[in-house]
Structures are given as C-alpha cells and as structure tokens.
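Keep in mind that what you see is a predicted model, and the values were worked out from it rather than measured. Just so it is clear: chains get the letters A, B, ... in the order the sequence lines come, proteins before strands, and each one is counted from 1.
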There are 2 protein chains.
Amino acid sequence: MIKVDTSSFIPIYEQIKKEFKKEIFRGDLKPNDLLPSIRDLATELLINPNTVARAYRELEMEGFIYTRKGKGCYVSDDSTRLMKEERKSILIQTFDEVIEEAKKYGLGREEIKRLFEERLNTPPEIIGKGE
Amino acid sequence: MIKVDTSSFIPIYEQIKKEFKKEIFRGDLKPNDLLPSIRDLATELLINPNTVARAYRELEMEGFIYTRKGKGCYVSDDSTRLMKEERKSILIQTFDEVIEEAKKYGLGREEIKRLFEERLNTPPEIIGKGE
DNA sequence: CTTACTGTACTATTAATCTAATACAGTTCA
DNA sequence: TGAACTGTATTAGATTAATAGTACAGTAAG
C-alpha cells in the first residue's frame, strides 16, 4: 500500500515514482504486472489524477513501465535491470548523505556508528515516539 | 562556509536555517555571535536577499537568533539549549528514515549494517564518484 | 549631517506543484 | 451498440518558492 506525505517538500509525483521503484526492486511488482489505474490510485491517495498521471508518465519515460491506452500501465521487462542499476547509487547516496549530515552535527565516526546501530536495533514500535 | 543546493526539492531558506542550526550545535556559532548580513550572504550564495531574510526571520521566530535593526542578527543566549533539544530528534529521525528507506529496498538488518559501515569507512575523496 | 552600512516591508513577476473540470481515444464485455 | 473501464490532453486556478526592485528605518563612523 503506497503512502504519500502531502506536507513533505518532496513533490507527490516524486514520492509515487520512488514507491513503485522500490516495489519493483523488491519483486513485489514483476515485469508485465499491472499497476493500479491512475484514477484508482488518485482516489486511494486522496490526490488529483493528474499527479498520478505525471508519475506514471515519468516512470514510462525512464523505462520502468509501459502503457497500453485503454488497458493500463504495466511493469516493463527490463525494469528489474534498471532498478539494479539505480538501487546501488540510490542507497549509497542516501547513506552518504546521512553520514555527511551527522558529521556536520559534530559527530565522530564512532559516535555515528553507535547511534546508527542503536536505531537499527530499535524495535519499530518505539520509532517516532518523540524521544 | 554555507552551501545551498538550488536543484534540491528542499527550499533554499530551509537549507540556510539547517546550516546555521548545525553551526550553532557544533559551537562554531556561539551566543551573541554576529551572523553574516542578509545582503552579504545573499551575494555569497548567489541568491535573493529576500530568501536569506526569510531564513533569518524564521530562525528568530524559533528563538535561535535575535535581531537588532541597523546592526545585524545575533545568536541568542538559549540557542545552545534549543539545539540540544532539536539535535537529538533531528539525527534520530534522519537515521530512522534512512533505515526505513533501506528496508523498503528489501535490505535486511545485516545488509543495512554492512552497507552503512562500508560507506562510513569510505574516504571522502571517493564519495559521489558515481559508483 | 552625510555616508554606508544594518534589518524590514512591499509590490510585481516567474516557475513549479497541485487541483479541478472536461473532453477524447482505446479496450473490454454484455 | 453501449456502458464502463483504461490512458491522454487541455485549460484554468490556487499556492508556494524565489527573484527583482524599491523604499523605509535604525546604527555607526567620518
């Protein structure tokens, strides 16, 4: 089930693109699987169909999906290959950014490692409870 | 030296706010230190003075700085206390987000830990070279 | 006082995102 | 054929971020 954060600075269409890419990489979406219809997803996410359409349009331009007018949007055959290429750089970039962030807050290498492992071992129920 | 990324989805005024908060937390900016003038910083960052003014205005509203018209903007006395409160939740939230992100890409706990430590031990010169 | 800085305020304009409403074209099925 | 789905296209409007330009007010030094 896809979620979007309307209060985020990240555009909604970007959030949608990212969510589908993750599902493709995980294998929850396989080649030739049918994506939810533009109108259905827009209704479910309480957003405008145009916003979903933009996400799908860009996913198609990037080669992750293909569309059949009148039928729907489907995961492309080489989506898995594309995601393998993207996934590495996406995760590495994300990790590098958070490390850079922590350093700018004055944390040393060991402090960063300790805090990260602490959060990694924090049960999901406790996350987001303010701290 | 503050940097901003004009191609980021994060608004420039938000990036500026965050940068000063980091400097305050690290102690590079101490209470009653003078911030760069609005016009100077705008010139340095190649952005509009109004954008810097908004960042300063919000930093003042949040209690991190105070302004003396005709003189400048100064770090407030309780900025350090405010940052200690903010810093914990900011870093924890950032770490939790990246962990959540990695999990959505299908990584297990051990894979996340291994990749993170790999990036943590990557010399800065290698970061951002595509990979 | 004058000059040159400070922050503040305001209007106008551009660009991007998102919404809203409508229309059109292809597919499927009764 | 016709109804109910698909994606696509277009126009219009609201909002926000950022720019550009101007003007005003307080401070400090010559």
Check whether any side-chain N or O of [X] sits under 3.5 Å from a backbone N or O of [Y] as a donor-acceptor pair, and report yes or no.
X: B:S76; Y: B:F64; result: yes
X: B:E111; Y: B:G108; result: yes
X: A:T94; Y: B:V98; result: no

Do any of residues 31-43 of chain A sit with a heavy atom less than 4.0 Å from DNA chain C, and if so which? A:R39

Return the residues of residues 6-24 of chain A meeting this criterion: a heavy atom under 4.0 Å from some atom of DNA chain C. Order them by number, or give none. A:P11, A:I12, A:Y13

Run A:L45 and A:I16 through side-chain contact (heavy atoms from CB on, under 4.5 Å) and show every step you take. CA-CA 10 Å; A:L45 298 180; A:I16 295 173; 4.2 Å; yes

Send over the distance from [X] [atom1] to [N] [atom2], rounded to a whole Å.
X: A:E60; N: D:dT8; atom1: CD; atom2: P; value: 6 Å
X: A:Y74; N: D:dG7; atom1: OH; atom2: C1'; value: 11 Å
X: B:N48; N: C:dT13; atom1: CG; atom2: C1'; value: 12 Å
X: A:I47; N: D:dA14; atom1: CD1; atom2: P; value: 21 Å
X: A:E58; N: D:dT8; atom1: CD; atom2: C1'; value: 15 Å
X: B:L46; N: D:dA20; atom1: CG; atom2: P; value: 11 Å

Please test B:D5 against B:Q15 for side-chain contact (heavy atoms from CB on, under 4.5 Å), starting from the C-alpha separation and ending with a verdict. CA-CA 8 Å; B:D5 178 5; B:Q15 297 180 44; 3.8 Å; yes

Does the distance from a Lys or Arg side-chain N to an Asp or Glu carboxylate O, for [X] and [Y], drop under 4.0 Å?
X: A:E19; Y: A:K3; result: no
X: B:E118; Y: B:R114; result: no
X: B:E14; Y: B:K18; result: no

Any side-chain N or O of A:R57 below 4.0 angstrom from OP1/OP2 of D:dT8? no

Could you tell me whether the phosphate oxygens of C:dT8, OP1 or OP2, come under 4.0 Å of any side-chain nitrogen or oxygen in B:T67? yes

Distance-only donor-acceptor hits, side chain of residues 30-39 of chain A, under 3.5 Å, sequence neighbours excluded:
residue	atom	partner	partner atom	Å
A:K30	NZ	A:G27	O	2.8
A:N32	OD1	A:Y66	OH	2.8
A:N32	ND2	A:D77	OD1	3.3
A:D33	OD2	A:K30	N	2.9
A:S37	OG	A:D40	N	3.0

Separation of B:E62 CD from B:K21 NZ (nearest 0.5 Å): 4.0 Å

Run the side-chain contact (heavy atoms from CB on, under 4.5 Å) test on B:L41 and B:F20 for me, step by step, so that the C-alpha distance in whole Å, both residues' side-chain angles and the decisive distance to 0.1 Å come before the verdict. CA-CA 12 Å; B:L41 186 54; B:F20 278 115; 3.8 Å; yes

Could you run down the sub-3.5 Å N/O contacts of the protein with nucleotides 10-12 of chain C?
none

Under the criterion side-chain contact (heavy atoms from CB on, under 4.5 Å), which of A:L59, A:I24, A:T80 is the partner of A:V75? A:I24

Members other than B:I10 in its cluster, when Ile, Leu, Val, Met, Phe, Trp, Tyr link by side-chain heavy atoms under 4.5 Å? A:F9, B:Y13

Give every pair of a protein N or O atom and an N or O atom of nucleotides 27-30 of chain D that lie under 3.5 Å apart, one pair per line with the distance.
residue	atom	partner	partner atom	Å
D:dA28	OP1	B:K71	NZ	3.3

